[in-house]
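Please read the structure below before turning to the comments.
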Amino acid sequence: MADIFDVIIIGSGPAGYTAAIYTARANLRTLVLQGEQFGGQLMLTTDVENYPGFEQGILGPEMMEIFERQARRFGPEMRMQNASRIAFDQYPFAVYTDEPEPVLGRALIIATGASALWLGLPNEQRLQNRGVSACATCDGAFFKGRDLAIVGGGDTAMEEALFLTRFANHVTLIHRRGSFRASKIMQRRVLEHPKITVRWHTVIEDVLGENAVTGLALRDIQTGAASTLAVGGLFIAIGHRPNTELVRGAVELDEQGYIRPITHTMTNIPGIFAAGDVTDHRYRQAITSAGTGCMAAIDAERWLDEQSAE
């Protein structure tokens, strides 16, 4: 017989671990499928200074280790396995991993997060956390007084460019087209800002620097002319991809592919809840993910109580 858990949490970022703390403390038999790459996007983050309780800041991976240890204290089972498929047409729900038999859960919390889209440049990954970032609101404060660059053309790129002006000496916004797709008001704010310069029809060929970002290799796609831009940081703002492959076709998604909760954190399938960045294309912060993890756990606990009372 397959294992039957009260709650199966898929994901091990701030949302998943917070949900596990709450469900395990509520004496619900809990399984966390951490994935082979556990810890979420904070595993790619250096200093975290905006999470309450860490007054001196903390490294992202260290924070996730603390989250995991705190969750383990209450006794949930944790497996470093990826969920490969969910059988939505049976109850308890069956979650398949690389094991021969599925695990069964009376309630599921989907906390699989989202992944930043990257440019695919030769040195982009090597210089992550050394000046390359996909989150201006997370990392912008570490770049005070520097010249910075950001790439993108949507509202997120506009918002993050404006945010960076609080810290940067100057911000260069790089866009491969001759117009933005962002809303008109956001475009106007960027184009009128004295600390922002736009490089139109330009692509980044590579990130320069050995141990930290020192510049960018650029190419004008209209003329083919190559150039370099001296900057102390590069922010990628070309979007995020919600990790919803597991639930696509069953759980309702919004137009951007994020899970759309129907009642609080419950999805359109009763007993399946969602938390964290897999539902959030607006804030994408560790603290908001943890908050929705708490909410999903409480919603799951109350829903299970209702089922037992029927």
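Note: hydrogens, waters and symmetry copies are ignored here, and every other heavy atom, side chains too, is used.
Note that the CD1 atom of I9 and the CG atom of L28 stand 9.5 Å from one another [nearest 0.5 Å]. Distance check, rounded to the nearest 0.5 Å: CD1 of I272 to CD of E252 gives 13.0 Å. Rounded to the nearest 0.5 Å, atoms CD1 (I238) and CH2 (W118) are 9.0 Å apart. Rounding to the nearest 0.5 Å gives a distance of 10.5 Å between CG of L246 and CZ of R85. Going from atom OG1 of T30 over to atom CG of D6 covers 7.0 Å, rounded to the nearest 0.5 Å. The distance from atom CG of L229 to atom CD1 of I174, rounded to the nearest 0.5 Å, is 6.0 Å.
The shortest distance between side-chain heavy atoms of L218 and E205 does not fall below 4.5 Å. At a threshold of 4.5 Å between non-hydrogen side-chain atoms, the residues I150 and V171 count as touching. A 4.5 Å side-chain heavy-atom check between V198 and F180 finds at least one atom pair inside the cut-off. Residues L162 and V190 have side chains in contact (heavy-atom distance under 4.5 Å, counting atoms from C-beta outward). At least one side-chain heavy atom of M64 sits under 4.5 Å from a side-chain heavy atom of P14. Two residues are said to be in side-chain contact when any heavy atoms from C-beta on lie closer than 4.5 Å; F88 and V251 meet this criterion. Residues T156 and H281 have side chains not in contact (no heavy-atom distance under 4.5 Å, counting atoms from C-beta outward). A heavy-atom distance below 4.5 Å is not found between the side chains of I58 and Y51.
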Practice task
Could you walk me through whether S227 and R199 pass the side chain to side chain donor-acceptor pair (under 3.5 Å) test, one step at a time?
Solution key: CA-CA 12 Å; S227 62; R199 293 282 295 264; 3.3 Å; yes
Exercise for the section: Evaluate the criterion side-chain contact (heavy atoms from CB on, under 4.5 Å) for residue pair I269 and L108; output intermediate values, then yes/no. Expected result: CA-CA 10 Å; I269 301 177; L108 306 183; over 6 Å; no
Practice task
Before giving the answer on side-chain contact (heavy atoms from CB on, under 4.5 Å), spell out for D280 and T292 the whole-Å C-alpha distance, their side-chain angles and the decisive distance to 0.1 Å.
Solution key: CA-CA 10 Å; D280 176 19; T292 57; over 6 Å; no
Handout entry: side chain to side chain donor-acceptor pair (under 3.5 Å) between D220 and T202, intermediate numbers included
Key = CA-CA 5 Å; D220 186 306; T202 300; 4.8 Å; no
Exercise for the section: Would you please test F67 and T18 for side-chain contact (heavy atoms from CB on, under 4.5 Å) and show each step? Expected result: CA-CA 7 Å; F67 272 47; T18 302; 4.1 Å; yes
Practice task
In sequence, state the C-alpha distance, the side-chain angles, and the governing distance for E68 and R72, and then conclude on salt bridge (Lys or Arg N to Asp or Glu O under 4.0 Å).
Solution key: CA-CA 6 Å; E68 180 183 358; R72 283 187 183 277; 3.0 Å; yes
Exercise for the section: Please lay out, stage by stage, how L148 and T172 fare under the test side-chain contact (heavy atoms from CB on, under 4.5 Å). Expected result: CA-CA 6 Å; L148 302 176; T172 301; over 6 Å; no
Problem - Derivation and outcome, ring-ring contact (aromatic ring centres under 6.0 Å, His included), residues F142 and F167 - result: CA-CA 8 Å; F142 300 117; F167 312 102; 9.3 Å; no
Handout entry: side chain to side chain donor-acceptor pair (under 3.5 Å) assessment of S84 paired with D98
Key = CA-CA 8 Å; S84 58; D98 55 2; over 6 Å; no
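By the rule that hydrophobic residues join a cluster once side-chain heavy atoms approach within less than 4.5 Å of another member, V231 and L208 end up as members of separate clusters. Hydrophobic clustering keeps M295 apart from V7 (ILVMFWY residues linked when any side-chain heavy atoms are closer than 4.5 Å, directly or through intermediates). Residues I109 and M78 share a single hydrophobic cluster, defined by chaining ILVMFWY side chains whose heavy atoms lie under 4.5 Å apart. Residues V151 and I221 do not share a hydrophobic cluster, defined by chaining ILVMFWY side chains whose heavy atoms lie under 4.5 Å apart. In the hydrophobic clustering of ILVMFWY residues, with side-chain heavy atoms under 4.5 Å counting as a link, Y91 and M266 come out together.
Within the 3.5 Å criterion, the main-chain N or O of G257 finds a donor-acceptor partner in the side chain of D254. In this structure, the side chain of S133 does not engage the main chain of F235 through any donor-acceptor pair within 3.5 Å. Checking side-chain atoms of Q70 against main-chain N and O of I66 turns up no donor-acceptor pair under 3.5 Å. Between the side chain of Q285 and the backbone N or O of Y283 there is at least one donor-acceptor pair closer than 3.5 Å. With R106 contributing its side chain and L304 its backbone, the two residues share no donor-acceptor pair below 3.5 Å. Looking only at distances, a side-chain donor or acceptor of E160 sits under 3.5 Å from a matching main-chain atom of A136. Checking side-chain atoms of D277 against main-chain N and O of G113 turns up no donor-acceptor pair under 3.5 Å. Within the 3.5 Å criterion, the main-chain N or O of H170 finds no donor-acceptor partner in the side chain of K195. In this structure, the side chain of D147 does not engage the main chain of A168 through any donor-acceptor pair within 3.5 Å. When atom types are taken as modelled, the side chain of R219 and the backbone of G224 share no donor-acceptor pair closer than 3.5 angstrom.
No side-chain donor from either of Q34 and S12 sits under 3.5 Å from a side-chain acceptor of the other. Between the side chains of H240 and S115, no donor-acceptor pair is found at a separation under 3.5 Å.
More than 12 heavy-atom neighbours from other residues, nucleotides or ligands sit within 6.0 angstrom of CZ on R260. Under a cut-off of 6.0 angstrom, the local environment of CZ in R79 is crowded, with over 12 non-hydrogen atoms contributed by other residues, nucleotides or ligands. Dense packing is recorded around NE2 of H201, with more than 12 heavy atoms of other residues, nucleotides or ligands lying under 6.0 Å away. Other residues, nucleotides and ligands place more than 12 heavy atoms under 6.0 Å from the OH atom of Y258. By the 6.0 Å contact criterion, CZ on R176 is open, its count of non-hydrogen atoms from other residues, nucleotides or ligands being 12 or less. For Q90, the CD atom sits in a packed shell: over 12 heavy atoms of surrounding residues, nucleotides or ligands are nearer than 6.0 Å. Environment of CZ in R73: sparse, with no more than 12 heavy atoms of neighbouring residues, nucleotides or ligands closer than 6.0 Å.
A134 and A116 make their closest contact through CB-CB, 3.6 Å (heavy atoms, listed as atom of the first residue, atom of the second, distance). For the pair I262 and N268, the tightest heavy-atom approach, listed with the atom from each and the gap, is CG1-N, 3.4 Å. Of all heavy-atom pairs between A274 and T279, the closest is CB-CG2, 3.4 Å. The nearest pair of heavy atoms linking A149 to L216 is CB-CD1, 3.6 Å. Looking at every heavy atom in both residues, H264 comes nearest to P261 through O-CB, 3.1 Å. Nearest heavy atoms, E124 versus V207: CA-CG2, 4.4 Å.
By the 30° and 60° cut-offs, the orientation of the rings of F273 relative to W303 is perpendicular. Ring geometry, W200 versus H175: the interplanar angle exceeds 60°, so the pair is classed perpendicular (tilted spans 30 to 60°).
Put simply, the residue from I110, T23, L104, L33 that forms a side chain to side chain contact (heavy atoms under 4.5 Å, CB included) with I8 is L33.
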